[in-house]
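Worksheet: the structure to be examined is printed underneath.
Everything numeric in this text was worked out from a predicted model, so none of it was measured.
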Amino acid sequence: MLRAAGKRLLGAGLGYRASPDAVVTAGAARGYHERVVDHYNNPRNVGSFDKNDPTVGTGLVGAPACGDVMKLQIKVDKETGKIVDACFKTFGCGSAIASSSVATEWVKGKQMEDVVSIKNTEIAKHLSLPPVKLHCSMLAEDAIKAAVRDYEAKKANVNGSKEASVGTAEKAANA
Amino acid sequence: MAWWRAMCRRRLSAATVSILRRDLRSCPHLPHGIGFSPPPSRVFSGFVPLSGGHRFAGGLRRIRHLCPFFHSRPWDGSPYSTVSGNGEASACWNCGKPAPPRGPFLSCEACRAVQPVDSSLDYFQIFGLEQRYDMRDENLEGKYKEWQKKLHPDLVHSKSEKEKSHAAEQSARVIDAYRTLSQPLSRALYLLQLAGIHVDEEKIVMDPELLAEMMEIREAVEETNGHKELMKIQCQIQKKLEDWSNIFQEAFNKREFDSAIVATQRMRYYERAVEEIVKKL
């Protein structure tokens, strides 16, 4: 068994170019998919909105495996519930940056209820992400959902406090 | 009559030789240095050739005394055992000397042959350390270099294929062990693994406090360009790493594994930030 393992080791070392695994490795070594490179070199929508702005929802997510951080922000028209602008800031690998860049492109102009159904598999397919980078697209999907949740929570707070202030005003008026 | 006796002896000799051959092969504890002198690269090939009837009886008696198959005989006063503390049979495959009763058996003291990898040995055992997180006084690097002096593949380039493959695997394992134990985060994760705790690395982190802090740090690193300023930030992060490293140690010792895992996540983020600073410097 050890002899076989030894031969495999030697075989892997000597026959690197010939073995089928090498073809896959060479493919990956050719680099990221061109869309990923494009998003990395020309990222769309990099930036930051004021997170205290009531029309802004901020999604902040992280991947424990690689220590990546991804922030995705949406600006929502409160009348229509449509996302009018989006931006992102990501610290991580090329695939993570590209995934969040794609996410900001896709959420612009859509309704909030629609964007929560954007799936990581769609992002991964668009960028031809290899299996080892699938978690980057997952991060982007979760960032979108977190941004929407944050916006909704803010809206609920604002409404709650509005109702409370209306209540106090009424009380004051009746007093 | 004499002819008949000689024939018997020869037949007995042949039969006993074949039995002894079988026994010697199955017996891992051939005492070394009794006049066997097996050539180092072959196993059990050099048992005493029983030639000549007149030496037969004496020869057999000598072998009977020496081969533990016939009866147990302590060697060096220590009891024979086919099992070391690590649960695997241990005697040198090359010269048959038994493994030391304690400690990792990676290479034979007597003939210096590199032994096959014993994967029941964990990384701490390879360096003779307790399974502990605190490594301050352990001189890990020194122990690592000592092992490589015995196991490095360059030392066996003229030996057999078997020994070369042992050396390649054994030295790769020692390198892995050293790398894992020398860094705090990987050591922490390895300890969790040994304790049977599975850390789910796929789970997305949502802790807003940690993420906001990391965002700030990473943005600061990106915007800062001065060497001094970067070193300052690095210092601050190293301090946080140390703090969380201590938190991990406490949590792990109390077996509070959830807190321990949270600590490792923090450590990962801080280490990542340090990596980015180092890249910039």
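By the neighbour-count criterion of 12 heavy atoms within 6.0 Å, atom CE of M206(B) is densely surrounded, having more than that number from other residues, nucleotides or ligands. Within 6.0 Å of atom OH in Y40(A), 12 or fewer heavy atoms from other residues, nucleotides or ligands are found, so the atom counts as exposed in its surroundings. For K164(B), the NZ atom sits in a packed shell: over 12 heavy atoms of surrounding residues, nucleotides or ligands are nearer than 6.0 Å. Atom CD of Q236(B) is surrounded by more than 12 heavy atoms from other residues, nucleotides or ligands within 6.0 Å. No more than 12 heavy atoms of other residues, nucleotides or ligands lie within 6.0 Å of NZ in K51(A), so this atom counts as exposed by the packing criterion. More than 12 heavy-atom neighbours from other residues, nucleotides or ligands sit within 6.0 angstrom of CZ on R44(A).
The closest side-chain heavy-atom distance from V61(A) to V205(B) is not below 4.5 Å. When side chains are defined from C-beta on, R218(B) does not count as touching K89(A), because their heavy atoms never get closer than 4.5 Å. No side-chain heavy atom of F91(A) sits under 4.5 Å from any side-chain heavy atom of E276(B).
Annotation: the span from I204(B) atom CD1 to H135(A) atom NE2 amounts to 8.5 Å, rounded to 0.5 Å. Atom CZ of R272(B) and atom CG of D68(A) lie 5.0 Å apart (nearest 0.5 Å). Rounding to the nearest 0.5 Å gives a distance of 12.5 Å between CG of L211(B) and OG1 of T58(A).
Residues M214(B) and V69(A) come closest through the heavy atom pair CB-CG2, 3.9 Å.
Proximity of a side-chain donor or acceptor of R268(B) to a complementary backbone N or O of P64(A) within less than 3.5 Å is detected.
Interface remark: A273(B) contributes no atoms to any contact with chain A (heavy atom separation under 4.5 Å).
When A63(A), G59(A), A65(A), C66(A) are compared by the number of non-hydrogen pairs under 4.5 Å with chain B, A65(A) comes out ahead.
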